[in-house]
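See below for the structure under consideration.
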Amino acid sequence: MLYWLTLLSDGGDIFNLFRYITFRAGGAFLTALVFGFLFGKPLIAVLRRRQGKGQPIRDDGPEGHFAKAGTPTMGGLLIVGALLTSTLLWARLDNPFVWIVLGVTLAFAAIGFADDFAKVSKGNHKGVPGRVRLLAGFVIAGVATAAAMYVHGLNDAELAARLDNYDALSARLALPVFKDVLLNLGLFFIPFGMIVIVGAANAVNLTDGLDGLAIMPVMIAAGTLGVIAYAVGRVDFTEYLDVHYVPGTGEILIFTAGLFGGGLGFLWYNAPPAAVFMGDTGSLALGGALGAIAVSTKHEIVLAIVGGLFVVEALSVIIQVAYFKATGKRVFLMAPIHHHYEKKGWSESTIVIRFWIIALILAMIGLATLKVR
């Protein structure tokens, strides 16, 4: 919204700063951070009064988690609120990618809120049935993927008329490292994009099991994808890096900067011992956002690298369930895998910090794919 202040001037003064994505990204970060600090305590107080016993603790969970009884959930409202405010204030609202990513985030936050509300109301860890959540998630992801394909198609038509030997991106899957490889999935790109978005949402949801465990890797992944979005949205950068040009994605950096700032504000209260949990309200929203960014920027495969920690967490659950059904035995002491290390005697802070380190390493590897061609 503040971008339109540039219309007040024809150049040469402070209003021209709002033309620069990097300046507005800084503004979005600070706005979201201040939002988190200002509204964190009041929100936690309201959640504590409304929820009473807080988030239900699973009976079969690690023993140390029973000490967390009474901690309120739905803290993801703080992140989503900070993210929404900063994006609407600093991003160009005529950019379709901003609305695609923001729409997915808010829609998945609504699913998560319904699930958290059901859990708190019933006083147990069973919320909205999993099939209902998945169905709603796939519908949202399908609409978002189709919208992204439509925008990519418009860009293809415009660029094909201006550039020689232009490779269309709509409905195509770009592979990292291999600069000239584009797999045309046709209409199958829609179910592929749906799997990316829903998979990311649920993978982050599974990772959110310890104080501070999920939010920092999400911030790291979002920051990395934000840099990628900015790079592929600039024709000069894409020519230098030899990656595919996706006009308009640079504005996604505003969104990711807001996510980073809102995430830091939330982490202030979620650091061990957590005063609030993000709940499904936050984890589904943030995971869905990462998936939507990947689909918008044509970096779906890179998301699997950058968010490799979330992939491992999800795979540990899939492997555990499949192996147990086949043999009646378990591969891990408990899934997701962070609980396995809890059962092995690792302290919660050790697990969290080491997983943060792994997330940062994977993000650097994912970022390197921009240059390794």
Can you name the nearest heavy-atom pair linking [X] to [Y], along with the distance?
X      : Y      : value
Ala25  : Ala257 : O-CB, 3.2 Å
Phe332 : Ser316 : CE1-O, 3.5 Å
Ala171 : Asn184 : O-OD1, 3.6 Å
Pro176 : Thr369 : CB-CB, 4.0 Å
Pro191 : Leu187 : CD-O, 3.2 Å
Gly287 : Ala200 : O-CB, 3.3 Å

Check residues 40-48 and write down every donor-acceptor pair under 3.5 Å in which the side-chain atom is one partner and the other belongs to a residue at least two apart or another chain.
none

side-chain hydrogen bond (donor to acceptor under 3.5 Å, both in side chains) partners for [X], two or more places apart:
X      : value
His338 : Glu313
Thr249 : none
Tyr230 : Arg234
Arg172 : none

With sequence neighbours excluded, residues passing ring-ring contact (aromatic ring centres under 6.0 Å, His included) with [X]:
X      : value
Phe260 : none
Phe29  : none
Phe355 : none

Nearest 0.5 Å, what's the [atom1]-[atom2] distance between [X] and [Y]?
X      : Y      : atom1 : atom2 : result
Ile254 : Asn95  : CD1   : CG    : 9.5 Å
Ile111 : Leu135 : CD1   : CG    : 9.0 Å
Phe108 : Asn205 : CZ    : CG    : 11.0 Å
Asp280 : Arg133 : CG    : CZ    : 5.0 Å
Leu78  : Phe35  : CG    : CZ    : 6.5 Å
Leu309 : Arg354 : CG    : CZ    : 14.5 Å

[X] side-chain N/O to [Y] backbone N/O, donor-acceptor pair under 3.5 Å:
X      : Y      : answer
Gln51  : Thr73  : yes
Thr145 : Gly142 : no
Trp99  : Leu93  : yes
Lys298 : Val246 : no
His340 : Ala335 : no
Glu348 : Leu210 : no
Gln320 : Arg330 : no

[X] versus [Y]: any side-chain heavy-atom pair under 4.5 Å?
X      : Y      : answer
Pro247 : Leu159 : yes
Phe18  : Trp90  : yes
Ile140 : Val198 : no
Leu77  : Met74  : yes
Met216 : Ile220 : yes
Leu315 : Val312 : no

message: Let's go through Arg24 and Leu89 carefully: what are the C-alpha distance in whole Å and the side-chain angles of both, what is the deciding distance for side chain to side chain contact (heavy atoms under 4.5 Å, CB included) to 0.1 Å, and is it a yes or a no?
response: CA-CA 9 Å; Arg24 288 185 284 118; Leu89 191 61; over 6 Å; no
- prompt: Hey, mind stepping through Asp156 and Ser170 against side-chain hydrogen bond (donor to acceptor under 3.5 Å, both in side chains) and telling me if it holds?
  reply: CA-CA 7 Å; Asp156 289 340; Ser170 183; 4.6 Å; no
Do any side-chain atoms of residues 289-297 form donor-acceptor pairs under 3.5 angstrom with protein atoms, and if so which ones, sequence neighbours left out?
unit_1 : atom_1 : unit_2 : atom_2 : d
Ser296 : OG     : Ala292 : O      : 2.9
Thr297 : OG1    : Ile293 : O      : 2.9
Thr297 : OG1    : Ala294 : O      : 3.4

Evaluation steps, side chain to side chain contact (heavy atoms under 4.5 Å, CB included), between Asp236 and Tyr240: CA-CA 6 Å; Asp236 52 343; Tyr240 171 71; over 6 Å; no
message: Can you see whether Asp208 engages Ser283 through a side-chain donor-acceptor pair at a distance of less than 3.5 angstrom?
response: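 No.
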Look at the side-chain heavy atoms of Ile, Leu, Val, Met, Phe, Trp and Tyr, link any pair under 4.5 Å apart, and say whether [X] and [Y] land in one connected group.
X      : Y      : result
Leu253 : Phe23  : yes
Val104 : Phe192 : yes
Val132 : Val143 : no
Leu38  : Leu259 : yes
Val139 : Leu106 : no

- request: If the plane angle is over 60° it's perpendicular, under 30° parallel, otherwise tilted; pick one for Phe113 and Phe117.
  value: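 Rings of Phe113 and Phe117: parallel, under 30°.
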Under 3.5 Å, side-chain donor or acceptor atoms of residues 357-367 against the rest of the protein: list the pairs with distances, not counting sequence neighbours.
none

Donor-acceptor contacts under 3.5 Å from residues 263-277 side chains, at least two apart:
unit_1 : atom_1 : unit_2 : atom_2 : d
Tyr269 : OH     : Phe37  : O      : 3.2
Asn270 : OD1    : Gly212 : N      : 2.9
Asn270 : ND2    : Val276 : O      : 2.8

message: Quick test of your reading: applying ring pair (Phe, Tyr, Trp, His ring centres under 6.0 Å), list the pairs with at least one residue in residues 307-329, sequence neighbours left out, ordered by first then second residue.
response: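 Those involving residues 307-329 do not exist here.
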- prompt: Given Met278 and Ile215, is the side chain to side chain contact (heavy atoms under 4.5 Å, CB included) satisfied, shown in steps?
  reply: CA-CA 9 Å; Met278 74 164 69; Ile215 187 59; 3.9 Å; yes
query: Got more than 12 heavy atoms from elsewhere within 6.0 Å of CZ, Phe189?
result: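 Correct, the count exceeds 12.
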task: Output, in order, the C-alpha distance, side-chain angles, deciding distance and verdict of side chain to side chain contact (heavy atoms under 4.5 Å, CB included) for Glu342 and Ile351.
output: CA-CA 8 Å; Glu342 275 193 287; Ile351 297 170; 3.6 Å; yes
message: Using the side-chain contact (heavy atoms from CB on, under 4.5 Å) definition, which of the options Leu154, Val151, Asn155 pairs with Pro96?
response: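 For Pro96, the side-chain contact (heavy atoms from CB on, under 4.5 Å) check succeeds only for Val151.
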